[in-house]
Every structure is written in structure tokens, then in C-alpha cells.
Amino acid sequence: MSNTLAISERDARRMAINAQHLAGPVPDLHQVLGSLRCLQLDPIDVVARSHQTVLWSRLHTRIDLDELMYRDQVLFEYWAHAASIVLAEDLPIHHYLMRRYPGSKSAEGKRIAAWVETNAKLKTKILDELAEKGPLPSRAIEDEAEQAWRSSGWTEGRNVERMLDILLIQGKVRVAGRKGRARLWGLARWPEFEPLSDREVTRQAAGRALKALGVGRRRDVFDHFTRGRYPDLAEVLETSPEIRKVTVGGEEGWYAHEDSLDQPEWQPREATILSPFDNLICDRNRTERLWGFVFRNEMYVPKAKRQYGYYVMPVLAGDELVGRIAPRADRKAGRLVLEGVYTDHDVTRALERLEAFALGRSFGDSVSL
């Protein structure tokens, strides 16, 4: 590896923002997907679905990915750092988890494996029905579980849905479409590919993660893209010829992909509002380290204990996170309602853009508080 490169904290922030296509000329969809590698899925649509918001923040238009996912199959739903939309070209990387899940090292992995074995009849029934009749919603498959799934969350007793989610992670089924919010399930038929060694999985995944991060520490890489699935990461970061050591503000232990070091001239955009699950800030610890911005999701915090609001969106201006807003799209009234604005920055135009996006219309009426 070459000599360590020294960069400032400001340059580290700008590298991250450039890597995320949140500065400079507006990119195209292919560029954004190629850089981010995954878009987190979340059912909350107080403003819009998160993956649509992430794309809108970069492309300034609403994007429908259904054709790319379900017709062209260049994207698919899988588990990255969270439930996400990922690229089919990264299948060899995601196959690392497919061939190991649920594993036998952790207590939870053992519990899942035992439950699947006990309910082998249900597993076979699901695969047979999808082969014969798919794509199907989960409700169309009769629950023949011999042992109910136990959970303290929403999956309690939802045996068909739980088995489908397990089969999804194992790569045996995939989401073949959606009817409203309901997923339509089908058998997974993947193109042929050459399986990667564990080390090559890490090398490729770490390279993609670093390109998306701009610059990052080992923990940043570990928590990004394919979170937690980086065998021998420390050695790969130290020995891969395409990865450079850097210091950030004099601090050692940072890395960058060589492709990220040739930075374009800094061209900040006007204020941009981000999804609370945006790829730039999805790692809360990194967000605090690089921007000094403490951001927490308050959706599941009791109302009386919330500091900012139910659905809070950070505001990016230049290379700084300058505050946050708490919006809600009132689609019946046709307006964006603001429960709170927590920034001194002028976000009028950004709010106009957000309102148009949330309500599916052009810029127009003023925003209501």
C-alpha cells in the first residue's frame, strides 16, 4: 500500500457528499445506483417511501423502480445493511449470506435453523406452490406450520411470512412484484455466476462500500453496504492495492478507494432534504463523527419524549448538515404540513421541492406550518 494521504475533515465530508451524488451536476439513475449499491426499504411514507426519497434527493424527480426490479430484474430486494433494493450484478457478493444463512454460531441462528427444520413441511409447501402457481402473496399460502414462530415483534405467529423471509435471505425465493404494499413471491431463478471466495467477497464489497462512503474507517466499512459480512476485513483493507490509507484531520485509521482520490472541483448544490434512512447518514455514529450532527429516529419514541417530531429529515447545505425538519404530507388537503423546522438556513426552495415530490405535482403553493 502507498504512503498515507492526509486530508482535512472538510475534504472528507466533501468526498462523502460527492460519492453520494449530492453535489455537482445532477447524475442519472444508473450513476446513482452504481455508486450507492443499495437503497434501504422502509414502509413509512409520511412524505414518501424512503428509497424514492433517496433517489429524489439526488435526481430531483420521482423514480419508479418497478420495471427495473420486476421486469428487467437488474435490481432485487435483499438484505444489505438493512432490508434494501440491491443490484443484480452484486449477486456474487450477496451469495455469501445466501449460502450461510441462518448459520449455527449464534443462538438466534440456531433457533431459526431449528424452527425451519421443525417446519420442513411448510417450507416444502411454499416452494411447491410458488413453482406451480406463483407469483403469490403470502396470504394465498395456507399456514401448515407445526410450530409457530415466537417473537416479541410483528412476526409473532406469522409463520408463512417468516418462512418466506428466511427463504428470501437464503436466495430460494425473491419478491417478484407488489400489489399495493403486499409482496408477491416467486421462486428465485438466478443467472449463472462464479462463486467468490470469502476474501474476494470482502475485497469487492469493501471496495464498493468505500466508493460509496468516499472515505471511511474500518468500522464504517463494516457497518455499510453488506453490514457485518466482511471476513478478514482488517487484512483486506491493509493489503488490497486499490485501497489507500488516509488520515482525516490528522487522525489515522481511515481508508479510501483509489478511484475516490481524484476529486472533481467542489460544486455544492442548494439545500437538500434527506430521508432519515439516506445512505449518507444511515450510520449514525459516522454522521456524528464527520459532521458533528447527532441524528436519531424518533418514530418509536413516545410523543411526549420526542425532541423534534415523528418523521424527521436532515437538511444538507454545502458540505454541512445544517438542521432538520419534521414534515408530513397531507394528501387529502394537498399540502405539506411542517410540524417543526429546526434550522437557521433558508430552506424555502428545498421545501417547495419536497412538497412537489411528496404530492406528485410541480412547484406551486406555499408550504403550510
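In what follows, residues are counted from 1 in the order of the sequence shown.
Atom CD of Q31 has more than 12 neighbouring heavy atoms from other residues, nucleotides or ligands inside a 6.0 Å radius. Heavy-atom contacts from other residues, nucleotides or ligands closer than 6.0 Å to CD of E67 number 12 or fewer. Within 6.0 Å of CZ on R49 lie more than 12 heavy atoms contributed by other residues, nucleotides or ligands. The number of heavy atoms from other shown groups lying within 6.0 Å of CD (E117) does not exceed 12. Under a cut-off of 6.0 angstrom, the local environment of CZ in R139 is sparse, with at most 12 non-hydrogen atoms contributed by other residues, nucleotides or ligands.
With contacts defined as side-chain heavy-atom distances shorter than 4.5 Å, the pair Q20/L36 qualifies. Looking only at side-chain heavy atoms (C-beta outward), R328 and V47 stay at 4.5 Å or farther from each other. Using a 4.5 Å cut-off on side-chain heavy atoms (C-beta onward), I44 and M299 make contact. For the pair R203 and V236, the minimum side-chain heavy-atom distance is below 4.5 Å. Side-chain contact between S84 and L41: absent, with no pair of heavy atoms (C-beta onward) separated by less than 4.5 Å.
Taking the six-membered ring wherever Trp is involved, the centroid distance between the rings of F225 and H94 falls below 6.0 Å. Ring centroid separation for the pair H60 and F357 does not come in under the 6.0 Å cut-off.
Cation-pi geometry between R324 and Y308 is satisfied (NZ or CZ under 6.0 Å from the ring centre, within 45° of the ring normal). Geometrically, R244 does not engage W254 in a cation-pi contact, judged by NZ or CZ lying under 6.0 Å from the ring centre and within 45° of the ring axis.
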- Begin with the C-alpha distance, continue with both residues' side-chain angles, and end with the deciding distance and a verdict on salt bridge (Lys or Arg N to Asp or Glu O under 4.0 Å) for E144 and K121. CA-CA 7 Å; E144 295 184 358; K121 183 186 296 185; 5.8 Å; no

- Message: Before you tell me yes or no, could you show the steps for E77 and R178 under salt bridge (Lys or Arg N to Asp or Glu O under 4.0 Å), namely the whole-Å CA-CA distance, both residues' side-chain angles and the distance that decides it to 0.1 Å?
- Response: CA-CA 11 Å; E77 295 187 28; R178 286 182 179 263; 3.0 Å; yes

- Criterion salt bridge (Lys or Arg N to Asp or Glu O under 4.0 Å) on R289 and E251, from CA distance to verdict: CA-CA 12 Å; R289 168 64 186 84; E251 181 185 62; 3.1 Å; yes

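A salt bridge links R99 and D198; the closest N-O separation between the charged side-chain nitrogens and carboxylate oxygens is under 4.0 Å. No salt bridge links E355 with R335; every basic N to acidic carboxylate O contact stays at or beyond 4.0 Å. Salt bridge present: E235 and R199 bring a charged side-chain N and a carboxylate O closer than 4.0 Å. Look at D283 and R217 and you find no salt bridge, because none of the NZ, NE, NH1 or NH2 atoms lies under 4.0 Å from a carboxylate O.
Under the 30°/60° scheme for interplanar angles, the aromatic rings of F293 and F295 are found to lie parallel. Using cut-offs of 30° and 60° on the angle between ring planes, the pair W115 and W149 is perpendicular.
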